[in-house]
Novice: 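Here you go, one structure.
Residue numbering restarts at 1 for every chain, and letters A, B, ... go by the order of the sequence lines.
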Amino acid sequence: MNPPQTTRPSTGAKRPTYKTNPTTGRYTKAAQKEVERAEARRAAAGESVPLPVAVDRSGAITGLAPAAAGQVVAEAIGRAGALTVDVETSGYPVGHANAALRTVQLGDEHTAVVLDPDDPAQAQVIRTALAAAPRLHAHSATADLVPLAHAGLLDESAWDRMYDTVIPAKLADPTSTGSDPGLKQLAGTVLADSATAPEADKARAALFKAHGWLTDTKALTPVERSGWAQVDSTCATMIRYAASDVLDTAALAVRLPQPPPAVTERERAVQRITARVAHRGLRVDRDQVTHLEAVHTPAMHAAAERLRALGVESAGSDRQLAERLTELGVTLPRTQPSTRHPNGQPSVAAGVLDGLKGTPGPAGDLIAAVLDYRHHETVLTTFLEPYRVLCEAGDGRARPTVYTLGTDTGRMSCVRPNLQQLPREGGVRACITADPGHTLVSADFSGVEIRVMAALSQDPELIRQLREGVDLHAMVAELAFGPGWTKANRYTAKRGVFGWAYGGGIESLARQLGVTADVMQAIVDALRQIAPAYVAWADEMKRMVRSGATQMPTYAGRIIHLPRDYPHKAPNYAIQGTARELLVDALLAWDQTRWGGGVVLPVHDEIVAMVPEADAAFATAELVRCMSRELYGIQIVAEPSEPSAAWRDSV
DNA sequence: GCACCAGGCGCG
DNA sequence: AAAGCGCGCCTGGTGC
């Protein structure tokens, strides 16, 4: 093994020459400032050390030859029996023109080696180490494995060996790990004083600030503004920052409480399945994006014009809107009090405005215009524009990351882009398409919440209704509104039942539903009469939390951590968390079919999967089979959608 | 000019 | 005492 090189001072860029005053020979004021700024930047960056380097927990940096780096990594694998991996990128998503893998960090909790993947010798070290490690650790592994796979440094089979620290972190009681699963916060909470990441991140932030670079970059952030793209990866500050993630992740891997192996394996399996969409992506139909933009853009502008004519200059300003509506004689409710607004602010939310839609005169026109404006604005800015950017700045594919334990109930979440929140109507979903020769099949659980309610509470009446296909919401509507109940009454009853089942108060729900407290009370009385065992079960859940029992095991063995300070949330956590396990089981079952290796997208109670065109009908039937099962004697049922090359509206 | 918050809204 | 639940992303507005 080569002896480690000693750390050496910066060889950085040549210092620029500055203007001096010709008579005095001194720097001008502006030049003086420039000198100071350059000095501050150098100080924030620290010395520069060519990669690869090794970094220990004290932050000491040791320069290495590539072969020696491989040796240090091999020793870490030997010590830990696993390799912790982390990467730094340019901050742009894979597929984007500016996407780049900048450094790769490998090691254990004692030593992290920072490598430059652009150097062929170091790339080989990375490849060899990643292939050799019997186990891999990362925190939020998708962010590391996807860029590594795209750089050809590993393949998706690496998931078979990945033990993501997010899994034990999110399975643990959030009061012990903090609600934010981000590594910096988690390391600070779990590792306390021995954490290296929080301080390293502070230094990194100071460096970005000294250069005026952005931390929070978007797809359209100019590359010269992005700190992640611009920063010198060989400066001590970035080396320590990069290394700290490995050091802390490796430490977390051995310190986080380990769930039962069967639970861990189940979570690893579903993470592997949902990671495919992040690796391979789904094709965005640019023509559909263009078509919808051509509809929504002029409509939004027209609505903004109407708003101006009615006295609201800035169409997106809720404050101006509230002011104008008040001038026109409308009384608005107030939002929740906060530190900034101790009395709340006048609320102009859709729920409020919907109830005022019929107001005669300019106020009514104003409300109609703003609801119209908001709709078009949301569709354009939240969905269509980001999709267009994926086509123009990227390769036309959306590669969302699915967080399989994204929420405190255990539900999954989805980011960059969040394909779980696409409008059900209006053709936005059709922007997401299958690859040529393939089709999207999908199915959703029917009435899964009510079925889980019945399963958990074992309410005999709910069970009977589900078996006989009786409409609970219609029964509630009949009891609450009388025999002449309407479809609208049934919808109100449905919202009331779920709202109350999840802990809502009569007054607050009545306000949300736009009914009197008496009507809301009648809905609740009806539910109590129809499903008393369910109501008793919900009460018992809350009582348990109040008495300190906050751990509810699901049928799959995962513990749902009920929020100690909010007993009224317990029934919802139990139901939502149990329904999540049904989704996991369906994904695991789907993975055992012949389409198992393909791209899937879970959407809480729906699964979308890409399959070869010719298989559409059979695959749909199989997907329904994978989603169907029995839960505590209750049939869990799935409803297929028509297969299609583009994701279909859901109504 | 950036980071952060609140309100709002998309989904389940 | 009472509190519908869970998310992610957008804009406007504020504060540094």
Novice: Report the residues that fulfil ring-ring contact (aromatic ring centres under 6.0 Å, His included) with A:Tyr573, sequence neighbours left out, ordered by chain and then residue number.
Specialist: none
Novice: Round to a whole Å and report the spacing from CG of A:Asp649 to C1' of B:dC11.
Specialist: 14 Å
Novice: Using a 4.0 Å cut-off on protein heavy atoms (strictly under), produce a 5'-to-3' string for nucleotides 6-12 of chain C with B for base contact, S for backbone-only sugar-phosphate contact, and - for none.
Specialist: BSBSSSS
Novice: Starting from P on C:dA1, measure out to CZ on A:Arg546 and report it in whole angstrom.
Specialist: 11 Å
Novice: I need the CG-P distance between A:Leu371 and B:dG7, as an integer number of Å.
Specialist: 18 Å
Novice: Does A:Arg374 have a side-chain nitrogen or oxygen under 4.0 Å from the phosphate oxygens OP1 or OP2 of B:dG7?
Specialist: no
Novice: Dot-bracket notation for DNA chain C is requested: 5' to 3', Watson-Crick or G-U wobble pairs only, both distances under 3.5 Å, with ( ), [ ], | and . as defined.
Specialist: ....||||||||||||
Novice: Donor-acceptor pair, distance only, cut-off 3.5 Å: does the side chain of A:Gln551 make one with the backbone of A:Ile559?
Specialist: no
Novice: Does atom OH (A:Tyr491) have a neighbourhood of more than 12 heavy atoms from anything else shown, all under 6.0 Å?
Specialist: no
Novice: Rounded to the nearest angstrom, tell me the gap between atom CD in A:Gln345 and atom P in B:dG8.
Specialist: 8 Å
Novice: Over 60° means perpendicular and under 30° means parallel, so tell me whether A:Phe383 and A:Tyr387 are parallel, tilted or perpendicular.
Specialist: tilted
Novice: If we take the P atom in both C:dG4 and B:dG7, what is their distance in whole Å?
Specialist: 16 Å
Novice: So, using ring-ring contact (aromatic ring centres under 6.0 Å, His included) as the criterion, who are the partners of A:Trp228 when residues are at least two apart?
Specialist: A:Phe208, A:Tyr241
Novice: If the condition is salt bridge (Lys or Arg N to Asp or Glu O under 4.0 Å), which residues does A:Glu199 pass it with, not counting sequence neighbours?
Specialist: none
Novice: Can you list every salt bridge (charged side-chain N to carboxylate O under 4.0 Å, His left out) pair that touches residues 421-432 of chain A, not counting sequence neighbours?
Specialist: A:Arg429-A:Glu606
Novice: In whole angstrom, what separates A:Leu321's CG from C:dG13's P?
Specialist: 11 Å
Novice: Return the value, rounded to whole Å, for the distance between atom CG of A:Leu509 and atom C1' of C:dC5.
Specialist: 11 Å
Novice: Counting neighbours of CZ on A:Arg564 that are heavy atoms of other residues, nucleotides or ligands and sit closer than 6.0 Å, is the number greater than 12?
Specialist: no
Novice: In whole angstroms, how far is the C1' atom of B:dC11 from the CG atom of A:Leu583?
Specialist: 14 Å
